[in-house]
K.L.:
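After the structure tokens below, expect a handful of questions from me.
Just follow the structure's listing: the first ligand is 1, and inside any ligand the first atom is 1.
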Amino acid sequence: MTVPSIAPDTVGLRGLRFDNRFTRELPADPSDVVRPRQVIGAAYSRVSPTPTAGPALIAYSPEVAEKVGVDERALQSPAFTAVFSGNAVVSGMDPHAACYGGHQFGNWAGQLGDGRAITLGEVIGPHGTHHTLQLKGAGPTPYSRGADGRAVLRSSVREFLCSEAMHHLGVPTTRALSLCSTGDQVVRDMFYDGRPEPEPGAVVCRVAPSFIRFGNFQLFAARDDLDGLRALLDHTIRHHFTELLPAASEPTADTYVALLHEVVDRTAEMVVHWQRVGFVHGVMNTDNMSIHGLTIDYGPYGWLEGYDPNWTPNTTDAAGRRYRFGQQPTIAHWNLVQLANALHLVVGAVEPLQEALDSFVPAFETRWFAMMAAKLGLRTLDPAGDEAFLGSLFDALGATETDMTLFFRGLADVDGSHDDADALLAPVRAAYYRPEELVGDVHHRVVDWLRAYGARVRDEATADDARRTAMHAVNPRYVLRNYLAQLAIDDATAGDATTLVELLDTLRCPYTDQPGREHFAEKRPEWARNRPGCSMLSCSS
Ligand code: AMP
Ligand code: MG
């Protein structure tokens, strides 16, 4: 079925001004055959979304709509739903799927590509900035391999909510404009146990400067396609890293090295934010790493509830735990090494690339110590001198199951002038999943650390109010707890988007106490401990 085209001046779409730099400047796949195949010498394949039975708008982000030039009234128009569920295109769009490769779980996987993402094009927003609009779940592409190009409602709700939650937490991320149901069923084997079930399908429209990944560069390099690699690098630098371009001239090998430096820096920054808020990406394959240093591809991600550096939400990764919380910085660095390997083909020399890679550890550590100091409400932390202080903090957090979010939020109310164990514990007591375990040695470890912390706070002599305000600005009250996303999914599946919309609204101000919304700040209830979707997720989405 071909997708209908509607006039760009239709109500709902008038604000969209397209300027498709990616498809205009980069080599296109000459074939329009939509079946799984290797696409050589091209950055993308043109492909239209496949229409669905009964599209309906479930939710949207008003701020993202404003950014891309859709006014809020237009969001309610049939044309908006048609376009953003993949049931119509507007002239000016240039729908396509990108060709990229990647390392999956540490192994080179060859060509992957947008198997269920179709980029509609780039719009120039009302503020003059370009934004790329991409549908996820809008049907097959030449990169769909054996799969259907669709996405289920549960994974689409998770992507929609989490990208917005991350943005409001101050974490670099792709955004989400809209979430539509398709009216079609999608069959998934959610538990990989040989019992596939039909589930409702959905389409998310996500928004980013571009969706260029490490893997786009890697695939050109793996195929020895120097022209393709250079074209993609030059495009990326010219439009997205303009500040790196030598004055009025072409990018050179030095510019490519400067790009790596910048990507190293941005990636370090992104991962420090993940560690700050307790986010575990779950599938840090190199095809899921944005060249912009944005969090991208929300799949089996999760949020730390009990603090545990070994935790991964991804059941597919349960054996090796490659993508566990505590290993995210190391994996980010490993992924950057793969990007550097790709750039080597056009840079020639190893040394400058190595130098850029070597800047990761200091870039990460400097920010990480500053971030931890901010979380603790302290002026600074000294990497050498504070090793024992931080070590005993993490020891205390691991002594008994301790909710990371509630602990750090509560810490703002710890009074450094107290010595009494109960008084010190009172502000963080709500963080404990098993308060009965706070006895004996566990009690000592926690209280000893709180005493050490109190002493530090006294030494720094920051006024309690000032410390609390500063700590509340970096320690969120509300995060997208795994079970909250699942509650929103349960209701949305039953046709009721109220929880989803209320949750989204709460997560817009994650650092502000919101009276009446305490239930969104509570630690995970016991029923959710082992419920699928709440504590463990597969890649089946
Ligand atoms: P991910 O790990 O979700 O980022 O996906 C890895 C690769 O599999 C990418 O190339 C995706 O486009 C592709 N893929 C995942 N799910 C589907 C699907 N339902 N249909 C087609 N391709 C898919
Ligand atoms: Mg991906």
K.L.:
Between the side chains of D234 and Y256, does any donor sit under 3.5 Å from an acceptor?
P.N.:
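On atom types as modelled, these side chains qualify, holding a pair under 3.5 Å.
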K.L.:
Using a distance threshold of 2.8 Å, what protein N/O/S atoms lie below it relative to the Mg ion (ligand 2)?
P.N.:
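Those protein N, O or S atoms (cut-off: under 2.8 Å from the Mg ion (ligand 2)) are N288 OD1, D297 OD2.
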K.L.:
Measure from every N or O atom of ligand 1 to the protein's N or O atoms and keep only the pairs below 3.5 Å, writing each with atom names and distance to 0.1 Å.
P.N.:
{"residue": "ligand 1", "atom": "4 (O)", "partner": "N288", "partner atom": "OD1", "Å": "2.9"}
{"residue": "ligand 1", "atom": "4 (O)", "partner": "N288", "partner atom": "ND2", "Å": "3.3"}
{"residue": "ligand 1", "atom": "4 (O)", "partner": "D297", "partner atom": "OD2", "Å": "3.4"}
{"residue": "ligand 1", "atom": "8 (O)", "partner": "R145", "partner atom": "NH2", "Å": "2.6"}
{"residue": "ligand 1", "atom": "10 (O)", "partner": "G113", "partner atom": "O", "Å": "2.6"}
{"residue": "ligand 1", "atom": "12 (O)", "partner": "G113", "partner atom": "O", "Å": "3.2"}
{"residue": "ligand 1", "atom": "12 (O)", "partner": "G115", "partner atom": "N", "Å": "2.7"}
{"residue": "ligand 1", "atom": "16 (N)", "partner": "R116", "partner atom": "NE", "Å": "3.4"}
{"residue": "ligand 1", "atom": "19 (N)", "partner": "D148", "partner atom": "OD1", "Å": "3.1"}
{"residue": "ligand 1", "atom": "19 (N)", "partner": "R150", "partner atom": "O", "Å": "3.2"}
{"residue": "ligand 1", "atom": "19 (N)", "partner": "R188", "partner atom": "NH2", "Å": "3.2"}
{"residue": "ligand 1", "atom": "20 (N)", "partner": "G149", "partner atom": "N", "Å": "2.8"}

K.L.:
Applying side chain to side chain contact (heavy atoms under 4.5 Å, CB included), name anything that partners S181, two or more places apart in sequence or on another chain.
P.N.:
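Partners of S181 by the side chain to side chain contact (heavy atoms under 4.5 Å, CB included) criterion, ordered by chain and then number, come out as A56, I58.
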K.L.:
Please determine if E63 and K67 form a salt bridge, counting it only when a charged side-chain N lies under 4.0 Å from a carboxylate O.
P.N.:
no
K.L.:
My understanding is that only one of R21, R17, H240, E122 makes a side-chain hydrogen bond (donor to acceptor under 3.5 Å, both in side chains) with H130; could you say which?
P.N.:
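The single option meeting the side-chain hydrogen bond (donor to acceptor under 3.5 Å, both in side chains) with H130 is R21.
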K.L.:
Are side-chain N/O atoms of N87 and S85 paired as donor and acceptor at under 3.5 Å?
P.N.:
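Side chains of N87 and S85: pair found under 3.5 Å.
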K.L.:
Is a side-chain donor-acceptor pair under 3.5 Å present for T182 with D184?
P.N.:
no
K.L.:
Between the side chains of D94 and R46, is the shortest nitrogen-to-carboxylate-oxygen separation below 4.0 Å, so that they form an ion pair?
P.N.:
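Here R46 pairs with D94 in a salt bridge, since their nearest N and O are under 4.0 Å apart.
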K.L.:
Tell me, please, which residues at least two apart from D505 pass side-chain hydrogen bond (donor to acceptor under 3.5 Å, both in side chains).
P.N.:
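Counting only residues at least two positions away or on another chain, D505 forms a side-chain hydrogen bond (donor to acceptor under 3.5 Å, both in side chains) with R508, R517.
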K.L.:
Assess the side chains of Q185 and E199: does a donor N or O sit below 3.5 Å from an acceptor N or O?
P.N.:
no
